[in-house]
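Counting convention: from 1, in listed order, for ligands and their atoms alike. Just so we're clear, the structure is a prediction, and the values are computed from it rather than from any experiment.
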Amino acid sequence: MNPKQVLLVEDNALNAKLVVFLLEAAGHEVKVATHAKEALTMLTGRLPDLILMDLQLPEVSGYDLTRQLRSAPATANLLIVALTAFAMTGDEAKALEAGCDAYVTKPVDAKTFVARVEGMMERGREGVEG
Ligand code: MN
């Protein structure tokens with residue numbers, strides 16, 4: 001697939017490293033924000049094709065950041081995929097409720113992760129099933 005721009009919002013350096021490695025190996029460009037404020041600053045420039053959103057962030061959570069993005073016209077239609085750390089079903093439902101289009105469970109599966117998110121970027125928001 002053509003190179004895409006991805007914004008990863010993740011405060012855990014080790015998790016971020018793996019996701020960045022996998023996506024860059026596939027030719028995509030990844031920027032990392034470690035907290036909500038940093039993500040918002042990055043989103044004032046060129047908008048990414050995909051936001052990967054950790055939900056457990058310091059200060060402003062990924063849920064609240066997602067709600068904030070959905071309520072602002074400039075970012076309302078971005079493709080946002082949650083990275084859910086827990087195998088708790090409530091976590092995933094909460095992510096979708098907050099406005100995420102889909103979720104991927106952490107730790108990400110190195111074998112399938114890139115194909116999954118590329119598929120989501122290809123199909124776009126309407127084609128992604130939560
Ligand atoms: Mn986190």
Exercise. For R125 and I80, indicate whether the former's side chain and the latter's backbone hold a donor-acceptor pair under 3.5 Å.
Key: no

Quiz item: Any donor and acceptor pair, going by atom type alone, linking the side chain of D101 with main-chain N or O of V81 inside 3.5 Å?
Solution: no

Exercise. Measure across L57 and M53 and return the closest heavy-atom pair with its distance rounded to 0.1 Å.
Key: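 Scanning both residues, the minimum pair turns out to be CD1-SD, 4.5 Å.
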
Exercise. Grab the two heavy atoms, one from R70 and one from A76, that are nearest each other, plus how far apart they are.
Key: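 So the minimum-distance heavy-atom pair works out to NH1-O, 2.8 Å.
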
Exercise. At a cut-off of 2.8 Å, list the protein N/O/S atoms near the Mn ion (ligand 1), residue plus atom name.
Key: D11 OD1, D54 OD2, Q56 O

Quiz prompt | Verdict with supporting geometry, R46 and E29, salt bridge (charged side-chain N to carboxylate O under 4.0 Å, His left out) | solution = CA-CA 12 Å; R46 194 195 151 164; E29 190 184 311; over 6 Å; no

Quiz item: Between R67 and D64, is the closest basic N to carboxylate O distance under 4.0 Å?
Solution: yes

